[in-house]
Amino acid sequence: MQRIVILTGAGLSAESGLGTFRDKGGLWTKYDLEDVATPQGFAANPVLVHEFYNARRENCLQASPNPAHAALARLQAAMPGQVTLVTQNVDDLLERAGAGDVIHMHGQLMRALCAACGHRWDAPRVMQPHAPCPACARAATRPDIVWFGEFPYQMDRIDQALARADLFVAIGTSGNVYPAAGFVQEAALAGARTLELNLDASANAGLFDETRLGPASRIVPGWVEDILSATARP
Ligand code: OAD
């Protein structure tokens with residue numbers, strides 16, 4: 001039995017029309033991440049932060065999964081219990097392509113979080129600054145997004161999966177943001193083979209055993225077919 005851990009980044013959803021962060025024209029070339037992706041930015045200007053995530057949520061609602069999302073869902077269904085899907089993406093395109101149990105380590109656009117009591121609920125399409133929490137009624141509603149300076153979600157589960165992985169695959173991520181950028185080393189130390197699938201080689205491309213370059217919509221389905229035909233071989 002082969003255990004596969006897959007880490008995805010913004011490049012997976014780029015061809016669905018969702019912007020990446022650090023590419024030419026990416027979100028962090030238009031916005032200062034300190035303003036919209038830190039607790040300090042939210043405290044200073046919650047209206048701006050809500051506007052930013054409301055626009056991204058709307059963009060996500062208008063988008064559809066691409067063949068790369070569909071291929072990963074197909075792989076997960078074909079290898080039950082063997083594929084751990086970890087994403088830095090806050091969109092729900094993997095789920096809409098049919099994937100289940102996706103670990104959203106940086107949170108989800110479609111969820112709301114109360115900064116006062118920690119309650120979570122489905123986000124409305126447009127989140128209002130100072131909206132009351134449905135559990136504690138405090139005006140502390142925020143997007144359920146992990147901001148810089150906060151701890152990514154489900155790290156214990158991710159570390160366990162990396163420790164048992166036979167193959168680690170990073171897809172469409174620039175390798176700039178930790179802890180995700182360190183998963184390749186963690187998996188390699190545990191004995192896994194490592195593969196990068198990306199449009200451009202990432203900051204830590206040299207750490208991977210193999211790199212395949214190209215758009216996700218082409219190279220991810222190609223890789224999934226390789227795996228499925230190898231596992232089907234007698
Ligand atoms: P980046 O914007 O840093 O990197 C996007 C990666 O996707 C790059 O390596 C591109 O080469 C690649 N790419 C672009 N188009 C592609 C395509 N069509 N097919 C395949 N690859 C493509 O995005 P991430 O690495 O995901 O965190 O960024 C990591 C984190 O930084 C995000 O989760 C976000 C951001 O700040 C938070 O907001 C907490």
Side-chain angles (χ1 to χ4, degrees), residues 6-42 48-50 52-57 59-60 63-72 85-94 97 102-111 113 142-155 158 168-184 195-208 211-224:
I6 298 169
L7 170 71
T8 68
L12 180 72
S13 299
E15 290 160 86
S16 294
L18 302 186
T20 61
F21 296 95
R22 295 173 185 79
D23 294 319
K24 195 162 168 271
L27 281 170
W28 295 157
T29 68
K30 296 181 193 142
Y31 294 86
D32 189 335
L33 73 81
E34 299 287 339
D35 293 339
V36 296
T38 62
Q40 295 77 8
F42 186 60
L48 174 77
V49 175
H50 276 294
F52 176 75
Y53 289 101
N54 284 339
R56 293 190 59 205
R57 190 177 305 106
N59 196 5
C60 177
S64 301
N66 68 54
H69 298 102
L72 295 181
L85 284 176
V86 183
T87 188
Q88 299 168 90
N89 297 347
V90 295
D91 65 60
D92 60 354
L93 296 180
L94 275 169
V102 180
I103 299 178
H104 281 274
M105 64 179 291
H106 289 168
Q108 299 180 72
L109 273 176
M110 301 303 165
R111 299 283 288 167
L113 167 67
R142 57 169 278 184
D144 191 8
I145 302 288
V146 176
W147 287 326
F148 286 89
E150 299 181 321
F151 288 107
Y153 296 154
Q154 302 196 58
M155 283 307 299
I158 296 170
F168 171 75
V169 188
I171 301 174
T173 177
S174 63
N176 280 295
V177 176
Y178 284 81
F183 291 172
V184 56
L195 167 67
E196 168 167 64
L197 303 177
N198 212 350
L199 190 59
D200 306 304
S202 67
N204 50 13
L207 299 173
F208 288 85
T211 298
R212 297 188 193 178
L213 299 181
S217 64
R218 178 169 60 76
I219 59 173
V220 175
W223 168 70
V224 165

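Just so you know, ligand 1 is whichever comes first in the structure, and atom 1 is the first atom listed for that ligand.
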Next on the checklist: Looking only at distances, can you tell me whether any N or O atom of Phe21, backbone or side chain, sits closer than 3.5 Å to an N or O atom of ligand 1?
Outcome noted: yes

Item to check | N/O separation below 3.5 Å, Asn89 to ligand 1 | outcome: no

What part of [X], side chain, backbone, both or neither, has a heavy atom within less than 4.0 angstrom of ligand 1?
X: Glu15; value: side chain
X: Ser174; value: both
X: Val177; value: side chain
X: Arg22; value: both
X: Trp147; value: neither

Checklist entry - Of all the non-hydrogen atoms in the protein, which one sits nearest to atom 9 (O) of ligand 1, and at what distance? => result Asn198 ND2, 3.1 Å

Checklist outcome for this item: Looking only at protein heavy atoms, what sits closest to atom 25 (O) of ligand 1 is Thr173 OG1, 2.7 Å

Enumerated ligand 1 atoms positioned under 4.0 Å from heavy atoms of [X]:
X: Phe148; result: 36 (O)
X: Pro215; result: 19 (N)
X: Gly9; result: 26 (O)
X: Gly172; result: 5 (C), 6 (C), 7 (O), 21 (N)
X: Ala14; result: 15 (N)
X: Val146; result: 39 (C)

Checklist entry - If only atom types and distance count, is the side chain of Thr173 paired as donor or acceptor with the main-chain N or O of Thr8 below 3.5 Å? => result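 The answer is no, because no donor-acceptor pair under 3.5 Å joins these two groups.
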
Checklist entry - Got more than 12 heavy atoms from elsewhere within 6.0 Å of OH, Tyr153? => result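 More than 12 within 6.0 Å, yes.
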
Checklist entry - Does Ala37 come within less than 4.0 Å of ligand 1, judged by its heavy atoms? => result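 Distance cut 4.0 Å: Ala37 fails for ligand 1.
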
Item to check | Asn176 heavy atom under 4.0 Å from ligand 1 | outcome: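 No, Asn176 has no heavy atoms under 4.0 Å from ligand 1.
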
Checklist entry - Between Met105 and Met155, is any pair of side-chain heavy atoms under 4.5 Å apart? => result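 Answer yes - side chains close enough.
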
